[in-house]
Amino acid sequence: MIDARALFEKSALSIPSEKSRPLWDAWARYEYMYGDLAAVNKLEARFKEVFPNGMSFHFSLRYISNEDKANH
C-alpha cells in the first residue's frame, strides 16, 4: 500500500494541476477504500494545497458516527 500511495503522490504532484484532477480522484478513491483516517486527512490537505479554490473530497466524513452525520 505504501508503494501505491508513493506512486500516486509523486505522479499527482508532477503533473500540472489543470491536468491532474483525474489522478487525484483515483488517489482519493484508493485512500477511501484502503487508507486510514490519517492518510485520508493528509490527502485532503495536499488536495487543498493544489486546488485551493476547488472542492475537497470530504472522504474523512466516513469516520464520523451516524449520530454526527445526522447533524451535518
Side-chain angles (χ1 to χ4, degrees):
M1 212 160 67
I2 294 171
D3 292 336
R5 187 174 290 127
L7 181 60
F8 272 124
E9 185 168 8
K10 183 176 181 179
S11 300
L13 296 175
S14 67
I15 299 171
S17 61
E18 61 273 1
K19 295 182 179 184
S20 67
R21 181 60 195 253
L23 183 56
W24 283 91
D25 291 341
W27 184 8
R29 283 191 303 274
Y30 172 83
E31 288 295 0
Y32 184 62
M33 296 280 297
Y34 305 108
D36 58 12
L37 181 57
V40 171
N41 284 336
K42 182 178 177 182
L43 170 66
E44 288 181 355
R46 291 248 187 210
F47 182 84
K48 288 177 186 176
E49 290 173 9
V50 175
F51 301 100
N53 298 322
M55 294 177 52
S56 64
F57 298 115
H58 298 292
F59 286 141
S60 60
L61 291 177
R62 82 176 190 172
Y63 293 97
I64 296 175
S65 70
N66 288 333
E67 183 178 312
D68 289 335
K69 286 180 184 178
N71 296 325
H72 284 295

**Message:** The criterion is side-chain contact (heavy atoms from CB on, under 4.5 Å); which residues satisfy it with Ile15, sequence neighbours excluded?
**Reply:**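 Listed in chain order: Lys19, Ser20, Leu23.
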**Prompt:** Within the side chain of Ser11, is there an N or O that forms a donor-acceptor pair under 3.5 Å with the backbone of Phe8?
**Reply:** no
**Asked** Does a side-chain N-to-carboxylate-O contact under 4.0 Å join Arg21 and Asp25?
**Response**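 Salt bridge flag = yes for Asp25 with Arg21.
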**Asked** Between Arg46 and Leu13, is any pair of side-chain heavy atoms under 4.5 Å apart?
**Response** yes
Minimum heavy-atom separation for [X] and [Y], please, with both atom names.
X     : Y     : result
Val50 : Ser17 : CG1-CB, 3.5 Å
Val40 : Glu31 : CG2-O, 3.8 Å
Ala39 : Arg5  : CB-NH2, 3.8 Å

